[in-house]
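Here is the structure we will look at.
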Amino acid sequence: MAGAGSGKTRVLTHRIAHLMAERGVRPGEILAITFTNKAAAEMKERIQALLGARAANTMWTMTFHAACVRILRREGHRLGYPSSFTIYDSADSQRLMQLVCKELDLDPKRYPPRSFSAQVSNLKNELIDYDTFAGQAQNDQEKKLAEAYRLYQTRLHQAGAADFDDLIMVTVNLLQMFPDVAEYYRRRFRHVLVDEYQDTNHAQYTLVRELVGTTEDPDSSTVTPSELCVVGDADQSIYAFRGATIRNILEFERDFPSARTILLEQNYRSTQTILSAANSVIERNEGRTPKNLWSQQGEGTPLVGYVADNEHEEAAYVAGEIDRLTDEGVVTPSQVAIFYRTNAQSRVFEDVFIRTGLPYKIVGGVRFYERKEIRDVLAYLRVLANPEDTVSLRRILNVPKRGIGARAEEAVELFAARERTTFAQALRRVDEAPGIAKRSANAVRDFVALLDELAAIVPDSTPAEVVEAVLHRTGYLSELTGSKDIQDETRVENLEEFVDVAREFENTFAALVEEEPPEDDGEETVTDPGEPTLVDFLERIALVADTDQIPEEDDEGGVVTLMTLHAAKGLEFPVVFLTGLEDGVFPHNRTLGDKQQLEEERRLAYVGLTRAQRLLYVSRAAVRSAWGTPSYNPASRFIDEIPSQYVEWKREGAALAPPPSRGIGGGFGSSGFGGGPRGGGRSRGSASPAPSLSVGDLVNHDSFGMGRVELVEGGGDKTKARIDFGADIGEKDLMVKYAPIQKL
DNA sequence: AGGAGGAAGCTTTTT
DNA sequence: GCTTCCTCCT
């Protein structure tokens with residue numbers, strides 16, 4: 001049980017060093033599991049510093065998901081997975097769920113595919129398969145969900161694909177169904193170490209148990225259980241929303257009765273003031289094991305508080321302070337971090353930083369790999385690696401445009417269903433498909449030929465070469481370069497960058513091979529790297545979000561780091577700005593009504609506060625625009641929970657009240673009826689009210705100018721108004737809640 | 001089949 | 001306010 005800043009990673013790495021030096025454990029016998037790639041990379045780096053590159057590369061130091069992929073590539077064939085199976089990310093699985101729901105003829109209004117996808121994910125985290133779930137389904141919703149779950153899983157399996165949750169769940173199934181596999185890994189990994197144990201969900205917990213083996217487990221009669229060492233901090237559990245259970249760490253001693261618990265309470269990171277502030281916040285959570293973190297770093301300076309009028313001024317203040325601190329030589333930019341609750345909040349900071357010329361780096365945010373053009377090329381690569389990958393195949397079927405439209409796709413799908421074969425197989429037999437246009441069939445045949453042509457070059461090419469071949473031979477690149485759209489220029493640049501990513505991957509892969517001399521222990525330990533294959537490349541992309549890639553190093557003072565609080569976990573900075581401390585922003589609006597969720601937000605605040613080493617700023621904005629409309633948020637309750645003696649306010653809120661509300665019930669209820677708006681129904685706390693409109697009212701729109709209300713329909717947030725903006729613009733149907741209009 | 005235009009959705013957090 | 005998805009028209 002290790003508090004914030006008490007040296008968790010150090011404990012793990014030094015235990016590993018101890019095992020090797022004092023107990024003669026070989027690196028190949030060690031499995032060190034982390035939750036994020038960032039943590040895995042850091043641990044690997046430290047192990048390398050302590051024990052050298054060979055040890056670092058031989059032992060498995062990786063995330064849950066990466067470890068499971070390795071096991072599945074090797075053993076998944078027993079459950080019908082090809083060794084080159086595709087990994088579906090959440091966007092892919094949502095698309096597949098969409099296809100499944102359509103196939104089942106489910107009304108997307110009543111049974112939203114996105115929600116189904118999320119629920120299936122939750123079920124998998126609980127290791128509940130579709131049969132079990134179907135057995136306990138109570139109502140209509142659950143029964144439909146069970147059906148969708150089953151078909152989804154069938155389609156996924158047919159496509160030779162696994163989604164993120166499958167990686168864990170299927171590995172658990174594998175270990176439970178095949179005792180010889182379980183035994184193999186138990187013999188292999190005599191020491192299992194788990195970082196951030198408080199973030200494990202049920203599936204991950206079970207996985208650990210299966211890997212370690214237990215004494216009462218009959219399977220393990222031949223192998224004594226491995227040694228298990230976990231570190232965690234219940235106060236830093238911030239992933240309950242995706243199934244993590246604090247239970248796992250709280251009841252570790254019950255799960256493993258011979259366990260010994262060691263408490264680490266000394267913090268080596270922060271000043272006592274920062275710690276005291278963080279402690280007094282986290283103390284508000286009920287039912288937690290009290291912990292007394294202390295520091296020898298001295299009192300330090302008080303937290304600095306600031307209340308800005310709006311989010312732009314908050315950002316300007318932060319930028320100004322960073323400017324001042326760097327000018328005075330107190331810090332370099334790389335020693336400063338700015339945290340916020342949601343990615344959307346990064347924008348204002350970016351604006352100000354660009355204007356003031358401060359170097360910065362946003363971690364996370366708009367993902368490179370989520371861009372359309374990147375996903376398109378990725379889909380080609382995936383189909384080349386795994387021709388049955390239906391979701392990817394259907395994505396590129398008509399990209400770039402080649403005359404295979406919805407009609408043709410549907411015909412192929414029907415044909416596949418009738419023939420009880422897969423979409424990929426059916427494509428190759430287009431000519432037999434009934435009801436397909438000649439022209440479309442020809443296009444499909446050309447497409448299949450194109451895929452074959454590309455597939456032929458894969459064995460003799462590096463990933464980067466394949467990427468380039470795809471870009472050129474499919475005509476994807478020429479379609480973009482021929483376009484007049486400015487956006488397409490950026491797309492071309494992104495694709496160039498993607499080729500670079502592939503090249504860089506090849507280089508780092510080569511470097512790894514050099515460092516690692518061939519191993520002759522008899523056990524084929526680390527998969528022999530050899531030449532990097534397309535499958536290797538795809539795996540890397542699927543498992544490594546670019547969030548992890550760059551916490552900055554300083555060359556010329558470095559850059560300021562901007563990130564969400566979740567991304568900040570595990571990091572530390574001399575100077576931290578914790579921004580957007582407003583009820584409704586942080587804690588987030590959607591958590592305000594739920595005690596459990598609110599406590600998780602508080603832990604998130606605790607994580608944020610404890611990242612700071614010396615200087616900690618807490619700030620908020622009195623007004624912040626969300627969805628284009630301003631909202632007036634009160635100070636975050638977490639600020640109130642910090643005793644005032646720890647905070648020095650540079651500027652306090654002038655209790656800025658919302659302006660008099662515009663027009664709710666303000667005397668024009670009389671214009672007949674017709675479902676006129678009723679004010680209320682605000683989803684966003686104290687957001688400014690949408691104008692209450694009636695037919696005949698005059699309004700002013702920020703871009704369309706003056707107009708007259710012709711029709712009002714719907715109610716609450718969904719109220720729409722038809723407004724006539726005159727001859728130039730004409731009539732518009734606008735959502736009253738979101739439209740930038742004022743009543744005149 | 002392809003494109004334009006409009007409506008809906010979005011802002012939790014990640015492997 | 002911005003982006004993606006859907007629908008309708010050509």
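Reminder, nothing fancy here: chain letters follow the sequence lines and each chain counts from 1.
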Calculate the interatomic distance between [X] atom [atom1] and [N] atom [atom2]; express it in whole Å.
X: Arg95(A); N: dC5(C); atom1: CZ; atom2: C1'; answer: 12 Å
X: Ile541(A); N: dT15(B); atom1: CD1; atom2: P; answer: 15 Å
X: Leu598(A); N: dT13(B); atom1: CG; atom2: C1'; answer: 15 Å
X: Leu565(A); N: dT11(B); atom1: CG; atom2: P; answer: 17 Å
X: Asn589(A); N: dT11(B); atom1: CG; atom2: P; answer: 14 Å
X: Arg590(A); N: dG9(B); atom1: CZ; atom2: P; answer: 14 Å
X: Lys124(A); N: dT14(B); atom1: NZ; atom2: C1'; answer: 17 Å
X: Asn37(A); N: dT15(B); atom1: CG; atom2: P; answer: 6 Å

**Message:** Rounding to an integer number of angstrom, what distance separates dT13(B) and dT4(C) when you compare their P atoms?
**Reply:**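 The answer is 16 Å between these two P atoms.
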
**Message:** Let's test your reading of the model: under 3.5 Å, does the base of dT12(B) pair with the side chain of His588(A) as donor and acceptor?
**Reply:**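 In this structure, the two groups form no donor-acceptor pair.
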
**Asked** Less than 3.5 Å between a donor and an acceptor, one on the side chain of Arg341(A) and one on the base of dT11(B), is that the case here?
**Response**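 No.
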
For [X], report the nucleic acid contact type (base, sugar-phosphate, nothing); a contact means any heavy atom under 4.0 Å.
X: Ser440(A); answer: sugar-phosphate
X: Ala406(A); answer: sugar-phosphate
X: Gln98(A); answer: sugar-phosphate
X: Arg347(A); answer: sugar-phosphate
X: Tyr239(A); answer: sugar-phosphate
X: Asn398(A); answer: sugar-phosphate
X: Arg439(A); answer: nothing

**Asked** Would you say Lys569(A)'s side chain and Val607(A)'s backbone share a donor-acceptor pair under 3.5 angstrom?
**Response**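 Not confirmed, Lys569(A) side chain does not pair with Val607(A) backbone.
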
Does the pair [X]/[Y] count as a salt bridge with the N-to-O cut at 4.0 Å?
X: Glu196(A); Y: Lys8(A); result: no
X: Asp351(A); Y: Arg355(A); result: no
X: Arg407(A); Y: Glu410(A); result: no
X: Asp92(A); Y: Arg382(A); result: yes

**Asked** When the nearest nucleotide of DNA chain B is assigned to Thr63(A) and to Arg407(A) on a heavy-atom basis, which residue is associated with the more 5' position?
**Response**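 Checking each residue's closest nucleotide, the 5'-ward one belongs to Arg407(A).
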
**Prompt:** If you pin Thr564(A) and Gly405(A) to their nearest nucleotides in DNA chain B, which one's is more 5'?
**Reply:**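 The answer here is Gly405(A).
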
**Prompt:** When the ring centroid of Tyr152(A) is compared with that of Phe116(A), is the distance short of 6.0 Å?
**Reply:**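 No, ring centres 6.0 Å or more apart.
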
Selected nucleotide, minimal atom distance to [X] side chain, candidates [options]:
X: His65(A); options: dT15(B), dA1(B), dT13(B); answer: dT15(B)
X: Thr36(A); options: dT15(B), dT12(B), dG2(B); answer: dT15(B)
X: Phe164(A); options: dT15(B), dT12(B), dT13(B); answer: dT15(B)

**Item:** dT13(B) base stacked by Phe241(A) (centroids within less than 5.5 Å, tilt under 30°)
**Value:**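 Yes, the aromatic ring of Phe241(A) stacks with the base.
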
